[in-house]
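Following: one structure in structure tokens, then a few remarks.
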Protein chains: 2
Amino acid sequence: MTGTLPLDGMRVVELSSFVATPLGGMTLAQLGADVIRVDQVGGGPDIDRWPLAPSGRSLYWAGLNKGKRSVTVDLRSAEGREVAADLVAECGVVLTNAPPRPGLTYDELSAVRADLIHVQLQGTREGGNAVDYTVNAATGFPSITGPSGQETPVNHALPAWDVACGLYMAIGLLAAERHRLRTGEGQRLQVALQDVALATAGNLGYLAEAQLGESRPRLGNHLFGDFGRDFATADGRVMVAVLTARHWRDLVDATGLGEVAGALERALGADFRRAGDRYGHREALGGVLAHWFASRTCEQVADGLKGASVLWSRYRDFAEVAAGLHGEPLMAPLDQPGIGTHLAPGSPVRLGDASRPPDPAPLLGEHTDQVLRDVLSLPRQRIEALRANGAVGGP
Amino acid sequence: MTGTLPLDGMRVVELSSFVATPLGGMTLAQLGADVIRVDQVGGGPDIDRWPLAPSGRSLYWAGLNKGKRSVTVDLRSAEGREVAADLVAECGVVLTNAPPRPGLTYDELSAVRADLIHVQLQGTREGGNAVDYTVNAATGFPSITGPSGQETPVNHALPAWDVACGLYMAIGLLAAERHRLRTGEGQRLQVALQDVALATAGNLGYLAEAQLGESRPRLGNHLFGDFGRDFATADGRVMVAVLTARHWRDLVDATGLGEVAGALERALGADFRRAGDRYGHREALGGVLAHWFASRTCEQVADGLKGASVLWSRYRDFAEVAAGLHGEPLMAPLDQPGIGTHLAPGSPVRLGDASRPPDPAPLLGEHTDQVLRDVLSLPRQRIEALRANGAVGGP
């Protein structure tokens, strides 16, 4: 790299709200794209989404729009929509989860810009309403999440489908832009949240497993198909995962339980070098190991497992994570207007050795004038007239 | 699109195992890239990973390697590693979570191919061991997942960090390849699981929230910051999510509870058009709505909410999801050698209107001869000599 970022020179119009599409756009912005988020004057439905800063501004909005430019237009007025359509025609790439509006449909936009790349998020593929929470309920994961013995579904707190969907949108966009660079052809892409969840369940084997007759039980914090679970320590809790025979041997050696494990193998007719046997006898193995963890602090666990291949971590809550952020090279102080300075993440995609520090999110409408002038080449009088009409907003 | 896929002509060598890297490679393969997964003869550590088919083959491996070619070499022999290095030199793009081996380090590979694109998965950024389960424990999500009242952490069952990490790797690769197409320059990229989890926690506002003094409670199946929760129905359970004032109005109208909600607003001094008020009074609102759901079957709930903007879904377990797959356009019958025919997902990134049906995963080593011949242009005698040495495997 010679100082530039790999998506330098790429311009993307984002007509978006909530998580998936903004995350897709931000991911591109962090790799160098000029991402112009276009919102309704006054903000989209996510502008005040919780969590909020003490100032009342949305930390969620700020977190998902870092490094973009913000333009506001009145999407309810034909003139406002025309400005948005002109931006799309100029930039040639759209990332959106907005409902189609007159003047901003795919057909209208691609009629003006034949090589348009248009990436649309959907709920269901048929265009039905669906969001992360409802897709999650429909796809089966809450039925196997949560403490074993739990009888009702447990949602995961992480909006995992939104995250995956936004990243798939960015992938589709980059693939299509590569195709356009090589052939000149544009492309229409659609990514449905429901499809992302189903594809993931299929890719990981859950759907094949269910089709071929097996039904996976709810396992609490146990791993499926190998040995892994949480253990109480003298001062907290740790997660331990074994994925190979070597991990297991190292765990047994480090905890001094080789003889017990060997005797248990003989008594049970098991071979703990095998993942299936470790999984099948997870209760016995967990019982044997529990005391070692319970009689040690997390620090003593760290000492005891040092140098071994054992995969483990202490559980932390967000307050503890936040308190430890100063040591994380991914994080850098970000002075976010309206919110204040805090540590925020750069891109997890690292180019070279250092991380690029995060850029702040824009204020809503901050770049309206700048973008209308520099991208659309509108004269000052025209911008003023649009503002006077209410067709565009301002900072 | 003129019949080709957008990543047509891109060739990627994947030195991988488990979820993240294979998912990244498969995502590229489904968009047209020729992805050559290189494994140790006999298979990597994930070759027998559960879930297994009745035949004993891994459904997990098959699910994560669809549409790739498979080459096996003896990575413990210099000659085997040389074959892998030659493939990298020829293809110019590597996606890997393998530990660096002599002859296959970034420095050695990029010395031969100056414009190499090399994307490396890490556990922690410092190169420490970490996997989805341990990263999850370290990052805070288990502390807010699970039934409220739960005192110990609850892991989510979905390996969400692996999924996100694999997608970030694909994004990094595509961005770097775009840069190379335009400038001729290669690039080294690294994506750490720990960074992906931290970045996500930061992007979604959790880390800013914790830094600015708030601590989010465990909310069970409730949404944070708006009204959303699960409800028992007469015959199952549904998840309902409200994200806008319109969703709320529609929910109240559809359930005929407008008068009750209005009276409650007056009694509490609340305004349920506001997300914060809906969230703050979620227990009262849930109590008011629970009877409507409990006295209806899921089908009656569907009838009652038809035409309203209310976001909801029935909870299904994987057996129910599997039973409903025939109606899903994403899914198509896949005849997977060694496993049999089942419905498997294509790419959730849709180009045009139809989905491309999934391609089967290769058999381990299936394409060793083909790739050595077609990609490395090795004569038959040389391939036979390599096989006789044990430097490469076969189907």
Side-chain angles (χ1 to χ4, degrees), chain A residues 6-7 31 45 50-51 59-60 63 129 131 133-134 137-138 140-141 143-146 153 155-158 160 163-164 167-168 170-172 174-176 179 190 195-196 199 202-203 205-206 208-211 215 221 225 239 241 244 311 313 315 317-319 321-322 330 342 345 348-350, chain B residues 6-7 31 45 50-51 59-60 63 129 131 133-134 137-138 140-141 143-146 153 155-158 160 163-164 167-168 170-172 174-176 179 190 195-196 199 202-203 205-206 208-211 215 221 225 239 241 244 311 313 315 317-319 321-322 330 342 345 348-350:
Chain A
L7 299 185
L31 290 167
W50 287 31
L59 296 170
Y60 168 103
N129 286 335
V131 290
Y133 311 97
T134 60
F141 286 94
S143 70
I144 60 162
T145 301
N155 298 350
H156 40 234
L158 174 72
V163 170
L167 299 176
Y168 272 117
I171 288 169
L174 290 172
H179 184 78
Q190 297 173 87
D195 280 355
V196 166
N203 295 340
Y206 291 91
E209 189 184 15
Q211 289 176 76
S215 186
N221 286 346
M239 176 71 199
T244 65
L311 300 162
S313 173
Y315 280 94
D317 63 24
F318 284 109
V321 175
L330 178 73
H342 59 287
V349 178
R350 244 158 78 223
Chain B
L7 300 185
L31 291 167
W50 287 32
L59 296 170
Y60 169 102
N129 286 334
V131 290
Y133 311 96
T134 60
F141 287 94
S143 71
I144 59 161
T145 301
N155 297 349
H156 40 234
L158 174 73
V163 170
L167 299 176
Y168 272 117
I171 289 169
L174 290 172
H179 184 78
Q190 297 173 88
D195 280 354
V196 165
N203 294 340
Y206 292 90
E209 189 183 14
Q211 290 175 78
S215 187
N221 287 346
M239 177 70 200
T244 65
L311 300 161
S313 172
Y315 280 95
D317 62 23
F318 284 109
V321 175
L330 178 74
H342 60 286
V349 178
R350 245 158 77 222

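In what follows, every chain begins at residue 1, and chains take the letters A, B, ... in the order their sequences are listed.
- Nearest heavy atom pair, residue A:V349 against residue A:L31, reads CG1-CD2, 4.1 Å.
- The contact between B:T134 and chain A is made by backbone and side chain atoms together, counting heavy-atom distances below 4.5 Å.
- Between chain B and the options A:A319, A:G205, A:A176, A:P45, the largest number of non-hydrogen pairs under 4.5 Å is found for A:G205.
- The two residues A:Y133 and B:M239 come nearest to each other via the heavy atoms O-CG, 3.8 Å.
- With a 4.5 angstrom heavy-atom cutoff, B:V163 touches chain A only via side-chain atoms.
- The backbone N or O of B:P153 sits less than 3.5 Å from a side-chain atom of A:N221, completing a donor-acceptor pair.
- The choice from A:A175, A:A241, A:A164 that makes the most heavy-atom pairs within less than 4.5 Å of chain B is A:A175.
- The most heavy-atom pairs under 4.5 Å with chain B, out of A:V196, A:T145, A:L174, A:I171, come from A:I171.
- When heavy atoms are compared at a cutoff of 4.5 Å, A:S143 approaches chain B solely by way of its side chain, counted from C-beta outward.
- The greatest number of non-hydrogen atom pairs below 4.5 Å with chain A, out of B:P51, B:A157, B:G225, is found for B:P51.
- For the ring-ring contact (aromatic ring centres under 6.0 Å, His included) test, residues two or more places apart in sequence or in another chain that qualify with B:Y206 are A:F318, B:F141.
- Of the listed residues (A:A210, A:A137, A:P345), the greatest number of heavy-atom pairs within a distance under 4.5 Å of chain B belongs to A:A137.
- For the options B:L158, B:I144, B:V131, heavy-atom pairs under 4.5 Å to chain A are most numerous at B:L158.
- For B:A208, the side chain to side chain contact (heavy atoms under 4.5 Å, CB included) criterion is met by A:L59, A:H342, not counting sequence neighbours.
- Between chain A and the options B:V321, B:D195, B:N203, heavy-atom pairs under 4.5 Å are most frequent for B:N203.
- The residue among B:G202, B:G172, B:A199, B:A322 with the most heavy atom pairs within less than 4.5 Å of chain A is B:A199.
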